[in-house]
Protein chains: 2
Amino acid sequence: MDKYVKILKNNHIKITPQRLVVLEYLDKNCTHPTADEIYSYLKKKNPSLSKTTVYNALETLSKHRIIQSLTISGSELRYDIDHGMHHHFYCKICGNVIDIELKCPNIEKMKQFGHKIDEIHGYIKGICKNCLKREG
Amino acid sequence: MDKYVKILKNNHIKITPQRLVVLEYLDKNCTHPTADEIYSYLKKKNPSLSKTTVYNALETLSKHRIIQSLTISGSELRYDIDHGMHHHFYCKICGNVIDIELKCPNIEKMKQFGHKIDEIHGYIKGICKNCLKREG
DNA sequence: TACTAAATTGTAATCATTACAATTTAACAC
DNA sequence: GTGTTAAATTGTAATGATTACAATTTAGTA
Ligand SMILES: [Mn+2]
Ligand SMILES: [Mn+2]
Ligand SMILES: [Zn+2]
Ligand SMILES: [Zn+2]
């Protein structure tokens, strides 16, 4: 059975071609794309695709924790099929979002505050290696 | 000399009454307010205040690192006069943003990636203690 | 194959933020 | 204190991401 069909089936989500292509796109493009980037790319081969559907699919996949959304850029959400806890770097020059593989040793300590914790995000912002080289 | 005047002077920022009241508001309201919350409150006693000016003031203060902006909610920026590194909790029910006083032991490790680091944000999302109690 | 709740689609609305041009003003020199 | 000027403020319009909504289509099931 197709990998993406299986993911949706396991989560009791209706299987639609639109959800499958969004999921496939995120699986093959781990660049933390925006809804618009996903839509613009998929629209080429799926001319009937609606941007609302992309938003709906991303919402559904997020709700089921199949993907996670990032608020790192401030002006738009970005999506990540890697829903495990990892940190992110945002480059203020090129706008790229890069994975930062660091374990957060504070997770246990956070429980002491008495809040119910659903998500933990580590956002680092600055200028990426490449832009540093290019800009000098 | 007035506390807020001194802050602007030290940063070589022109002293305007608008910047002073925004700064004072953030100093006395450490609730991580939005631009609109700041504007709506200050507008009452400063009827000529423009929302654009609030945005401009927040931008200027952020650029000079007098305040920091948070992208934790995803749909709007929030502002914090405490520009030191500390973490934040966002309650999905009441929308409150709460300080989480935790040191991040990863800061040193982040330098190894070769990027220039300007900001580090730790965002925790879930349901706050109070809402847990109320909602049951 | 027929039924139905849910998903998709296209359009319009919303909301935070930014752009811009006209007016006002803070800082500085005299 | 007065005059000068670059910068700040103001109000309005534009932008851009996201959401609301109603009509149409479709996935899952019997
Ligand atoms: Mn990632
Ligand atoms: Mn804070
Ligand atoms: Zn870069
Ligand atoms: Zn709460």
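Each chain gets a letter, A, B and so on, in the order the sequences are listed, and its residues count up from 1.
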Below the 4.0 Å mark, does [N] have OP1 or OP2 next to a side-chain nitrogen or oxygen of [X]?
X	N	answer
B:Ser50	D:dT9	no
B:Thr16	D:dT9	yes
B:Gln18	D:dT10	yes

Between B:His87 and B:Asp99, do the side chains contain a donor N or O and an acceptor N or O under 3.5 Å apart?
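Result is no, nothing qualifies.
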
Is it the case that B:His86 and B:Asp80 place a side-chain donor and acceptor less than 3.5 Å from each other?
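Yes, side-chain donor-acceptor contact under 3.5 Å.
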
With a 3.5 Å cut-off and heavy atoms only, can you find an N or O donor on one side and an acceptor on the other between the side chain of B:Thr52 and the base of C:dT17?
no

Can you tell me how far P of C:dT18 sits from CG of B:Asn56, to the nearest Å?
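Whole-Å distance recorded here is 9 Å.
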
Aromatic ring pairing A:Tyr123/A:His121, orientation class (parallel under 30°, perpendicular over 60°, tilted between)
tilted

Anything under 30° is parallel, anything over 60° is perpendicular, the rest tilted; go ahead and classify A:Tyr41 against A:Tyr25.
tilted

Within the 4.0 Å heavy-atom criterion, would you say [X] contacts the bases, only the backbone, or no part of the nucleic acid?
X	value
B:Asp36	nothing
B:Ser75	sugar-phosphate
A:Pro47	nothing

Of all the choices, C:dA5, D:dG11, D:dT10, which nucleotide is nearest to the side chain of B:Leu49 once you look at every atom?
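So the nucleotide nearest the side chain must be D:dT10.
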
